[in-house]
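Note sheet for the following structure.
Here, residue 1 is the first one in the sequence, and each next residue gets the next number. Order of appearance sets the numbers: ligands from 1, and atoms from 1 within every ligand.
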Amino acid sequence: MRKLDVTQHGLTDYEVRSRHKKYGYNELKEGKRKNVFQVLLEQFQDFLVIILIAAAIISIFLGDVGSSLVILVVIVLNAILGTVQHVKAEKSLNSLKAMSAPVSKVKRGGEVIEIPSRNVIVGDLLILEAGDFISADGRVIESYSLQLNESSLTGESLAIDKNANTIHETDIALGDKRNMVFSGSFVTSGRGKAIVTSIGMSTEIGKIANLLENAQEKKTPLQVSLDRFGKRLALGIIIICLIIFGLDIIRGRELVDSFMFAVSLAVAAIPEALSSIVTIVLAVGTQNMAKENAIIRKLHAVESLGSVSIICSDKTGTLTQNKMTVQEVYTGEEIIAYDQLQLVNPHHKKLLDLAMLCNDSVIFEDKQIGDPTELALVKLGREYQLNEQIIRGLHQRVGEIPFDSTRKIMSTVNRMGSHYVMVTKGAVDVLLPRINRIQSSNSSVITKQQLEGIKQVNQTFSNAGLRVIAITYKDVFSSNTTEKDEQDLTFVGLIAMMDPPREESAQAVADCIKAGIKPVMITGDHKITAVAIAKQLGILKDPSEAIEGKEIEKLSDRELKALVEKFSVYARVTPEHKIRIVKAWQEKGHVVAMTGDGVNDAPALKQAEIGVAMGKSGTEVAKDASAMILIDDNFLTIVKSISNGRSIYANIKNAIKFLLSGNAGAIIVVLYATLFALPAPFLPIHLLFINLLTDSLPAIAIGLEPHNKKLMKEKPRNINEPLLNKKFVSQVGFEGAIIAAVTIIAFQIGLLSGDTGVATTMAFATLCLSRLIHGFNCRSEESIFKLGIFSNLSVWIAFLIGFSLLNFVLITGFFEVADLNDFQYLMIYVLSLIPLVIIQLEKLLLRAS
Ligand code: ATP
């Protein structure tokens with residue numbers, strides 16, 4: 001501490017600022033990010049765009065300067081549009097990442113605060129607890145059973161004890177530096193303090209790590225399958241284009257014209273935007289989810305959310321409020337209401353004192369800091385004007401064995417005058433077998449009857465949905481106690497506390513069940529307490545649907561799989577059981593969302609399709625293993641996220657349908673013209689206009705369609721079912737065919753005038769307008785009259801932009817469009833409305849369920 005110029009109070013703000021200037025920030029160097037210009041350049045790297053540019057340049061040399069320039073302008077506009085979308089999507093995904101950036105607890109200016117790990121600086125006092133990631137290298141100065149997992153550095157997967165002892169040997173291996181903690185490792189149990197000695201690239205991991213991989217998000221399964229589909233489709237379209245090119249040449253069309261046409265058709269028909277539409281919709285969707293308290297850490301989770309069929313949820317804090325208040329106390333002789341204890345009664349006083357000694361929570365002014373179970377005990381003391389800080393000052397703590405959710409108990413060793421006392425508190429069923437005395441004037445040996453009495457009272461409390469904590473102690477002779485010493489305890493009392501369900505939980509559970517999702521409660525609490533709460537919430541009807549951790553232990557994996565669907569409440573489970581439960585559900589073909597907060601929950605969070613970490617009470621390790629973080633720890637937020645996941649998936653599907661059906665329409669028209677040896681129905685520039693300018697905005701707008709409540713009345717989507725299933729493809733074909741039909745009619749009407757220019761203009765305008773109007777059809781499976789015509793304003797804006805662009809072109813005669821008479825103009829409008837009428841009718845009549 002002297003060397004780094006720090007005191008027990010930690011660094012001051014001033015020192016922190018000056019040290020940041022000296023040492024920089026605690027981060028590993030990242031690979032270079034792409035700048036906007038590089039993103040813009042990438043837009044031109046598309047194979048088809050390159051060919052298009054080449055074709056445009058060739059035709060400049062052949063004298064057709066006008067249309068080539070227009071093509072180049074369209075390509076540039078398209079590239080700018082693509083860049084803006086890309087940059088925006090990336091920005092929102094980055095801000096999402098920032099929301100779940102790692103944090104560290106440090107003591108600065110005498111106060112323990114949480115700061116972004118990036119701001120940890122040399123000399124900081126790190127406060128370490130189970131589940132914390134170590135964000136920098138440091139020297140341990142205090143340790144209570146502190147154990148770390150250093151596998152990311154040393155490969156050693158067993159937890160390593162850490163202590164504050166001095167090591168005299170010099171040249172020792174990293175794994176043997178027991179008084180140091182290293183960045184990249186995490187605390188598996190215990191607690192401690194360390195002083196930061198090096199940060200960022202100077203840490204051990206910084207020295208061995210190469211540049212961090214560029215934090216680019218991997219493609220989601222949907223994007224991968226769309227890319228694959230897109231490639232196959234592109235190949236098919238290129239073959240069609242080659243055939244049309246060949247036929248055109250045979251029929252004596254100019255080589256350059258034929259080439260330009262074939263290339264434009266390819267550009268128009270190949271849906272190269274599929275994967276980027278998915279990115280944009282996901283980016284916007286996850287942004288909205290963050291506003292609703294769910295931070296998505298892994299993008300692919302959004303897709304799987306819609307398929308979740310089981311939610312395994314913790315009880316405490318997720319389904320309940322995590323606001324514990326003591327209701328009743330049992331002294332071994334009588335049950336007493338929380339406010340009827342007598343301070344003059346030494347037994348009562350002892351119970352209150354011990355409950356506050358074996359306890360890390362504090363109430364400071366109006367701030368309540370610590371674990372709600374322990375805060376309830378502190379509040380109980382405060383009822384009787386007992387101050388936990390004063391009591392802890394009188395009976396100094398000299399040792400401790402911290403609480404963890406596997407052991408379900410904790411102990412502290414406190415000085416009591418000339419000797420030491422170990423206070424142990426925790427789950428009644430865990431402590432009962434370890435109790436052999438009962439508090440009385442001479443702390444006599446406990447009788448069978450008394451043990452039976454405690455069991456019964458515990459049962460009564462639990463039946464009322466209360467959490468029960470047993471308080472015990474024993475005299476010890478040294479502060480160096482271990483788990484082995486937690487035996488031969490003296491019973492002092494039971495304290496029963498209430499944690500009411502969240503008001504919104506019962507409704508959320510009911511919504512889940514309606515949506516075909518089974519909510520399952522997994523809790524460390526007593527079975528009877530869990531059953532009582534689960535009943536109130538509607539998770540369980542009959543107590544036979546509950547099982548305990550120790551019963552799970554007796555089952556083989558195969559047996560558990562066979563039985564798993566019977567149970568909706570798993571009580572007294574340890575995190576190790578959680579992973580077996582997830583696997584059993586998965587083997588039954590379910591997609592599982594699993595909540596967790598502790599360091600030991602990480603494997604189960606990783607195993608579940610959607611690992612959900614608690615934002616408030618969750619450890620850093622749990623957050624790191626999760627796909628999603630609940631900012632408010634609330635079960636309702638999980639249900640909302642599933643609903644969001646379902647609608648994001650539906651929106652992506654609809655946007656893709658919009659793009660594919662429009663493209664199919666264009667291809668069918670060209671094939672028709674080729675087959676019947678008619679003139680080309682579109683000029684290249686027209687196809688590019690549609691594909692590059694008026695097509696992507698409606699697709700994005702469809703992706704922004706607001707929630708449709710109907711989606712939560714359907715069963716979860718089968719995760720193995722491909723997006724492009726038969727039904728989807730046939731709908732694309734059907735809708736594409738209608739668009740093609742009206743375009744062909746427009747083309748034929750145009751041909752009647754004897755002017756090919758008029759015919760292509762009519763075909764182009766009808767294709768463009770009917771596709772824009774078709775955007776309204778693609779908003780949902782439901783008819784727009786049911787959805788509300790104006791319930792998605794983005795689609796209207798996208799339509800109006802496209803509509804204005806089209807009319808601008810038609811009126812000014814740009815883009816080689818011919819003059820039309822009033823009848824022809826009218827026909828474009830009338831024909832373009834037909835797909836809307838037919839498809840809406842079809843939805844109302846056939847798809848209505
Ligand atoms: P859930 O899994 O529903 O969120 P939980 O995580 O709160 O429940 P744990 O914290 O593992 O469950 O608690 C399990 C049991 O351990 C409790 O029923 C209680 O008896 C005991 N317990 C909880 N907190 C403490 C504590 N701070 N000290 C001692 N014992 C505790």
Query raised in the report: Are there more than 12 heavy atoms of other residues, nucleotides or ligands under 6.0 Å from atom CD of Q368?
Result: yes

Query raised in the report: Are more than 12 heavy atoms from other residues, nucleotides or ligands located less than 6.0 Å from atom NZ of K550?
Result: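 Open.
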
Query raised in the report: Taking only residues two or more places apart in sequence, or in another chain, which ones meet K349 in a side-chain contact (heavy atoms from CB on, under 4.5 Å)?
Result: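 With sequence neighbours excluded, K349 shows a side-chain contact (heavy atoms from CB on, under 4.5 Å) to L343, D353, L386, given in chain and number order.
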
Would you say [X] touches ligand 1, if touching means a heavy atom closer than 4.0 Å?
X	answer
V468	yes
R572	yes
V428	no

Query raised in the report: Quick check: does any side chain N or O of S135 sit under 3.5 Å from a backbone N or O of S117, one acting as donor and the other as acceptor?
Result: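 No: the side chain of S135 does not pair with the backbone of S117.
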
Query raised in the report: Taking Q607 for the side chain and V582 for the main chain, is one N or O donor matched with an acceptor at less than 3.5 Å?
Result: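 Not a single qualifying donor-acceptor pair exists.
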
Report task. Have a look at ligand 1 and work out which part of D597, if any, has a heavy atom under 4.0 Å from it: side chain, backbone, both or neither. Result -> neither

Report task. Could you tell me whether E374 approaches ligand 1 through its side chain, its backbone, both or neither, with non-hydrogen atoms closer than 4.0 Å? Result ->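 Just the side chain.
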
Return the residue, atom name and 0.1 Å-rounded distance of the protein heavy atom closest to [atom].
atom	value
atom 28 (N) of ligand 1	K425 NZ, 3.0 Å
atom 8 (O) of ligand 1	T316 OG1, 3.0 Å
atom 21 (C) of ligand 1	K408 O, 3.8 Å
atom 19 (C) of ligand 1	I469 CD1, 3.7 Å
atom 24 (N) of ligand 1	F403 CZ, 3.6 Å

Among [options], whose heavy atom sits nearest [atom]?
atom	options	answer
atom 11 (O) of ligand 1	A376, S405, G596	S405
atom 27 (N) of ligand 1	T523, T373, D371, V430	D371
atom 14 (C) of ligand 1	S313, G524, A427, A355	G524
atom 5 (P) of ligand 1	M410, K315, R407, R467	R467

Query raised in the report: Relative to the ring of F186, is the ring of F133 parallel (under 30°), tilted (30 to 60°) or perpendicular (over 60°)?
Result: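 Rings of F133 and F186: perpendicular, over 60°.
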
Query raised in the report: Salt bridge check: are R397 and D360 linked by an N-O gap of less than 4.0 Å?
Result: yes

Report task. Please determine which of I629, D624, L630 meets the side chain to side chain contact (heavy atoms under 4.5 Å, CB included) test together with S626. Result -> I629

Query raised in the report: Are side-chain N/O atoms of Y473 and Q439 paired as donor and acceptor at under 3.5 Å?
Result: yes

**Report entry** Between S617 and D633: side-chain donor-acceptor atoms closer than 3.5 Å
**Finding:** yes

Query raised in the report: Are any of the N or O atoms of D525 closer than 3.5 Å to those of ligand 1?
Result: yes

